[in-house]
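Reviewing the structure listed below.
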2 protein chains.
Amino acid sequence: MGARRGEDVEVVTAPGRLPGNDEPAVRERARAIPEAAVARLAVYLRVLSGLAEQDVTTISSEELSAAAGVNSAKLRKDLSYIGSYGTRGVGYEVEVLVDQIERILGLTRKHSVCVVGIGNLGHALANYAGFPGRGFPVSALFDVDDDLIGVPVGGILVSHVDDIPRVCAEREVSIGVIATPPPAAQGVCDRLVSAGVQCILNFAPVVLQVPDHVEVRKVDLAVEMQILSFHVARRADEAANADESGMVVPG
Amino acid sequence: MGARRGEDVEVVTAPGRLPGNDEPAVRERARAIPEAAVARLAVYLRVLSGLAEQDVTTISSEELSAAAGVNSAKLRKDLSYIGSYGTRGVGYEVEVLVDQIERILGLTRKHSVCVVGIGNLGHALANYAGFPGRGFPVSALFDVDDDLIGVPVGGILVSHVDDIPRVCAEREVSIGVIATPPPAAQGVCDRLVSAGVQCILNFAPVVLQVPDHVEVRKVDLAVEMQILSFHVARRADEAANADESGMVVPG
DNA sequence: CGGTGTGAATACTTTCACAGCT
DNA sequence: AGCTGTGAAAGTATTCACACCG
């Protein structure tokens with residue numbers, strides 16, 4: 001980073017709107033799509049795919065945003081990150097948006113997925129129709145249980161976790177899904193990483209330690225439930241407060 | 001953003017809650033914990049519970065933050081939202097933090113959970129040990145399939161979705177988990193809402209429309225996969241660019 | 001007109017850095 | 001001497017509001 005420690009360096013530059021602003025460390029990559037926007041693009045894509053199936057060809061930001069559960073300004077901003085594909089006064093062509101979002105999300109290539117840990121959840125994941133349907137073929141399954149090795153689940157034979165390096169290399173796995181019990185997760189993660197897998201989706205309730213170049217996303221049921229619990233509690237508090245402050249309850 | 005340009009802007013800083021500050025129109029919110037912080041508190045809680053089991057009694061922000069995968073400033077800030085329970089020069093008492101986080105997250109009450117849609121995923125959820133273990137007893141299961149009604153799954157008998165209102169009321173369900181196929185999700189959601197359930201965790205890949213007073217969180221595998229796909233693509237782009245710009249790849 | 005695309009304003013989150021307590 | 005707690009700065013994300021264009 002540049003200068004810090006301002007001996008009266010006075011921060012001058014308001015967020016650069018000046019033209020001659022040649023930031024030194026600025027990545028001139030246009031690929032600066034906010035993470036939050038990426039997540040929403042995936043949602044828009046699903047909504048749009050549904051519309052395409054119903055032969056809707058054109059849609060406005062207002063309609064699309066309502067269907068996606070966001071407001072229209074956010075939707076337009078999100079779409080603006082990927083380019084200008086709308087027509088003023090009209091709206092967007094569904095098919096164009098589908099293509100462009102798929103391009104940005106990298107869905108034009110297929111991404112082989114492996115699932116590690118074939119318990120209840122692993123079974124569900126291995127059979128999950130949403131994966132292959134949208135460019136994510138599940139191409140390997142792993143477990144430690146001898147009774148499972150060689151058994152077909154969702155059409156794929158389960159391999160032993162010890163074979164992760166070989167099998168992942170052979171089948172060019174790019175995304176690993178961890179659905180093991182918590183104590184096994186870090187070990188499995190390490191094996192996936194050393195097998196060259198750079199993206200991991202973790203269902204085990206543990207914080208995985210990985211090198212910088214590996215991307216981890218986690219799905220944590222307990223955390224989700226606790227967040228909901230927090231909201232239940234907050235609501236109860238508010239109700240109690242409103243009550244006590246003599247508010248008249250409407251309806 | 002702070003001061004810039006000489007128009008005595010004086011942005012009065014934000015939501016401070018100084019003591020003795022008699023804000024005019026402040027709506028008495030003692031509970032102003034950022035959503036993002038709430039999610040992390042749940043993670044800290046799990047780490048802390050693990051530490052407690054290993055008889056660790058005291059921990060510094062540096063250690064705890066490392067175990068939780070965040071930096072220590074963020075951890076301290078997050079903890080500061082719930083109060084001052086640390087000892088300067090020493091650290092935090094594990095047990096105190098556990099109690100306080102549980103209190104804030106509303107885990108001192110039990111929250112009955114129902115699962116709707118007893119397919120692969122529903123089975124996995126019904127059997128998920130993480131729920132009852134941490135104050136979220138699964139107390140009702142629902143499906144439409146006649147072959148499933150009355151069958152015990154994870155020790156609970158499956159009821160028909162038509163009985164959602166009655167059963168949810170009887171068992172005081174406060175959190176509904178939707179694990180149905182996409183087309184059924186909105187209908188199930190509506191029934192849960194009219195049964196008085198105010199918090200919903202949605203695994204179906206659809207955007208649920210709910211009244212304002214209902215809190216929905218979603219877990220969307222396809223979206224997660226697509227976000228990872230985006231990162232795979234970005235990485236590939238970066239590699240290509242670095243390559244082309246004649247960069248020497250470091251070891 | 002009607003609806004997109006986007007600077008600018010606002011709101012929220014993270015990080016810095018250090019005063020103050022133990 | 002060390003670590004927490006926290007204002008203030010920096011960085012992101014969301015929303016507003018309107019110029020612009022079909």
Side-chain angles (χ1 to χ4, degrees), chain A residues 1-19 21 23 25-27 30 32-41 58-66 68-93 96-97 100, chain B residues 1-5 7 9-19 21 29 32-41 58-66 68-93 96-97 100:
Chain A
M1 301 305 175
R4 68 111 101 84
R5 195 5 154 296
E7 336 231 298
D8 45 330
V9 175
E10 55 138 2
V11 186
V12 142
T13 39
R17 66 226 302 169
L18 312 183
N21 180 2
E23 197 70 39
V26 117
R27 268 189 212 337
I33 306 179
E35 181 82 13
V38 171
R40 287 189 300 263
L41 284 170
T58 293
I59 192 163
S60 70
S61 64
E62 205 62 58
E63 296 167 300
L64 180 51
S65 65
V70 303
N71 72 33
S72 64
K74 193 188 284 183
L75 176 117
R76 289 201 303 280
K77 180 71 91 178
D78 287 345
L79 292 181
S80 80
Y81 293 128
I82 69 175
S84 291
Y85 301 106
T87 306
R88 289 168 195 239
V90 180
Y92 303 88
E93 259 192 74
V96 171
L97 280 191
Q100 292 304 324
Chain B
M1 264 136 209
R4 87 127 121 157
R5 223 43 197 284
E7 341 170 355
V9 190
E10 182 259 341
V11 180
V12 184
T13 34
R17 44 23 170 328
L18 318 181
N21 176 359
R29 77 289 218 276
I33 305 179
E35 182 80 14
V38 172
R40 287 189 299 265
L41 284 170
T58 293
I59 193 164
S60 70
S61 64
E62 204 63 58
E63 297 167 299
L64 179 51
S65 66
V70 303
N71 71 34
S72 63
K74 193 188 287 182
L75 176 116
R76 289 200 303 279
K77 180 68 90 177
D78 287 344
L79 292 182
S80 79
Y81 293 126
I82 68 174
S84 291
Y85 300 106
T87 307
R88 291 169 194 235
V90 180
Y92 301 89
E93 257 191 77
V96 172
L97 282 190
Q100 293 304 324

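Everything numeric in this text was worked out from a predicted model, so none of it was measured. Below, read A as the first sequence line, B as the second, and so on, with proteins coming before strands; counting in each chain starts at 1.
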(message) Within this structure, what is the CG-OG distance for the pair A:Leu79 and A:Ser72, rounded to the nearest 0.5 Å?
(response) 11.0 Å

(request) Kindly say whether, by distance alone, the side chain of B:Arg88 makes a donor-acceptor pair under 3.5 Å with the base of C:dT22? (result) no

(message) Below the 4.0 Å mark, does D:dG5 have OP1 or OP2 next to a side-chain nitrogen or oxygen of B:Tyr92?
(response) yes

(message) Return the OG to CZ distance between B:Ser60 and B:Arg76, rounded to the nearest 0.5 Å.
(response) 9.5 Å

(request) Would you mind reading off the distance between B:Ile82 atom CD1 and D:dG5 atom C1', rounded to a whole angstrom? (result) 13 Å

(request) Within residues 58-65 of chain A, find the residues that approach DNA chain D with a heavy atom at under 4.0 Å, and present them sorted by residue number. (result) none

(message) Quick check: closest heavy atoms across A:Leu41 and A:Asp78, and the distance to 0.1 Å?
(response) CD2-O, 4.3 Å

(message) Working to the nearest 0.5 angstrom, can you tell me the gap between B:Asn71 CG and B:Glu62 CD?
(response) 8.5 Å

(request) First locate atom OG1 of A:Thr87, then atom OH of A:Tyr92, and finally report the distance between them rounded to the nearest 0.5 Å. (result) 9.5 Å

(request) Find the distance B:Tyr85:OH to C:dT22:C1' and express it as a whole number of Å. (result) 19 Å

(message) For the CD1 atom of A:Ile59 and the CG atom of A:Leu97, what is their distance to the nearest 0.5 Å?
(response) 9.0 Å

Would you tabulate the nitrogen or oxygen pairs shorter than 3.5 Å linking the protein to nucleotides 13-15 of chain C?
{"residue": "C:dT14", "atom": "OP1", "partner": "B:Arg40", "partner atom": "NH1", "Å": "2.9"}
{"residue": "C:dT14", "atom": "OP2", "partner": "B:Arg40", "partner atom": "NH1", "Å": "3.0"}
{"residue": "C:dT14", "atom": "OP2", "partner": "B:Arg40", "partner atom": "NH2", "Å": "2.6"}
{"residue": "C:dT15", "atom": "OP2", "partner": "B:Asn71", "partner atom": "ND2", "Å": "2.9"}

(message) Tell me whether A:Gln100 at atom CD has more than 12 heavy atoms from other residues, nucleotides or ligands lying less than 6.0 Å away.
(response) yes

(request) Let me know the distance between CZ of B:Arg76 and C1' of D:dG7, rounded to the nearest Å. (result) 13 Å

(request) Assign each of A:Gly89 and B:Gly89 to its nearest nucleotide of DNA chain D by heavy atoms, then name whichever residue's nucleotide is nearer the 5' end. (result) B:Gly89

(request) Quick one: pull up OG1 in B:Thr58 and CD in B:Glu63 and give me the separation to the nearest 0.5 Å. (result) 9.5 Å

(message) Rounded to whole Å, how long is the line connecting atom CD of B:Glu93 with atom C1' of C:dT22?
(response) 14 Å

